[in-house]
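Presented below is the structure to which this report refers.
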Amino acid sequence: MAPKQEWPNNLPEQLTSFVGRRRECEQVQDALVATRLLVLTGAGGAGKTRLARQVAADSAQFFPDGVWWVELAPLAEPELVGAELARALGVRPLPGRTHAQAAVTRLAHDRALVVLDNCEHVTEAAAELAETLLCGCPDTVVMATSREPLGLPRESDWAVPSMSLPGTTAGGTPEEITGCDAGRLFLERAAATHPAFSLNDENAQSVAGICRQLDGIPLAIELAAARVRMLPVEQIASVLSDSFRVLTGGP
């Protein structure tokens, strides 16, 4: 058997598995084919980063010159955005040149994907960098994640939806829960934190209620699942209506 092709990339290693979202992955991949700047938008906790990371990994074969992940969340100053891209690419500017110019020189003839993650606090700088890449690197595609659009004329915005929920009734069955993304995410994360936990007819309604009360928001579901080590799911479901205080405390 031939060895698996490894494409150049600096994608961060994921500590937990990616659950569900297959339809969304396919839709985002299709959107990448149709545009050179795709912005995944949504509220905090909607799963923008995880979706972008999975799509980037799945799409690596279409970008033979590299998939480059640029993490902007830790940056305190917008002026550092270009430097972060240059760092990801492993390049330094020549005297009198900017980090963004060094990045453009590196990518000028590359069929590459650049992912700008967490742009919302440096929106203007991220937009300027994206525009610089679009103008100077004709074969490079940019994907960004942000709570709001970058505001560029050439961008395509893709709103990240909530995860699919178990049924529409007030109750819930094990089959409904395992048949939706929100339910599968809760079950996997709950089992990871409390291996003795299992879904059954008695607790299925509570698990379904948790997923619905959290509106299928991935981060909120993961926080709720982490509480399974301390509380039964019936109790988690009953206190979630109290301003989600059960999710806030602890690591």
Side-chain angles (χ1 to χ4, degrees), residues 12-25 27-28 40-55 71-74 117-121 145-148 157-251:
E13 182 180 357
Q14 297 302 304
L15 301 180
T16 56
S17 62
F18 183 78
V19 178
R21 298 284 208 184
R22 298 319 307 172
R23 180 180 179 185
E24 289 89 339
C25 284
Q27 291 174 339
V28 174
L40 306 188
T41 62
K48 301 181 295 296
T49 293
R50 290 303 299 267
L51 180 59
R53 166 65 179 81
Q54 189 64 38
V55 170
E71 179 53 68
L72 303 181
D117 188 41
N118 289 300
C119 298
E120 50 272 351
H121 65 302
T145 73
S146 180
R147 296 186 184 185
E148 58 185 22
D157 300 324
W158 199 89
V160 176
S162 299
M163 302 188 91
S164 58
L165 294 168
T168 57
T169 63
T173 66
E175 292 74 20
E176 287 179 324
I177 294 166
T178 57
C180 71
D181 288 349
R184 288 195 296 271
L185 178 63
F186 181 90
L187 295 178
E188 183 162 321
R189 299 296 189 260
T193 192
H194 184 44
F197 171 78
S198 63
L199 179 68
N200 53 52
D201 291 334
E202 285 69 38
N203 62 21
Q205 183 171 342
S206 295
V207 172
I210 291 170
C211 294
R212 294 193 192 99
Q213 289 185 79
L214 298 178
D215 294 326
I217 299 173
L219 178 59
I221 291 171
E222 293 197 6
L223 291 172
R227 292 296 185 265
V228 170
R229 72 161 68 95
M230 297 174 291
L231 299 171
V233 291
E234 293 82 2
Q235 188 172 349
I236 295 173
S238 68
V239 298
L240 270 178
S241 58
D242 186 16
S243 301
F244 299 156
R245 282 193 302 174
V246 71
L247 306 184
T248 63

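Positions are given from 1 along the sequence.
Shown here for T193 and A225, the closest heavy-atom pair between the two residues is CG2-O, 3.3 Å. Across all their heavy atoms, R189 and V19 have their closest contact at NH1-CG2, 3.9 Å. Closest approach of C25 to L51, counting heavy atoms only: SG-CD1, 3.8 Å. Nearest heavy atoms, L165 versus A182: CD2-CB, 3.9 Å.
Side-chain N or O atoms of H194 include none that pairs as donor or acceptor with a backbone N or O of L231 at under 3.5 Å. Between the side chain of Q213 and the main chain of A237, a donor-acceptor pair closer than 3.5 Å is present. Side chain of K48 to main chain of A43: a donor-acceptor pair is present (N/O by atom type, distance under 3.5 Å, no hydrogens or angles). Panel note: side chain S164, backbone D181; a donor-acceptor pair is recorded below 3.5 Å. No donor-acceptor pair closer than 3.5 Å links the side chain of Q235 to the backbone N or O of P232. With R212 contributing its side chain and P166 its backbone, the two residues share a donor-acceptor pair below 3.5 Å. R184 contributes a side-chain N or O that, together with a main-chain N or O of T178, makes up a donor-acceptor pair within less than 3.5 Å.
Residues E120 and N118 meet the side-chain proximity criterion, which asks for heavy atoms closer than 4.5 Å. The side-chain heavy atoms of V228 and F186, taken from C-beta on, include a pair separated by under 4.5 Å. For the pair P218 and L185, the minimum side-chain heavy-atom distance is below 4.5 Å. Here the side chains of T41 and E148 are not in contact, with every heavy-atom distance at 4.5 Å or above.
Judged purely by distance below 3.5 Å, without hydrogens or angles, the side chains of Q14 and R50 pair a donor atom with an acceptor atom.
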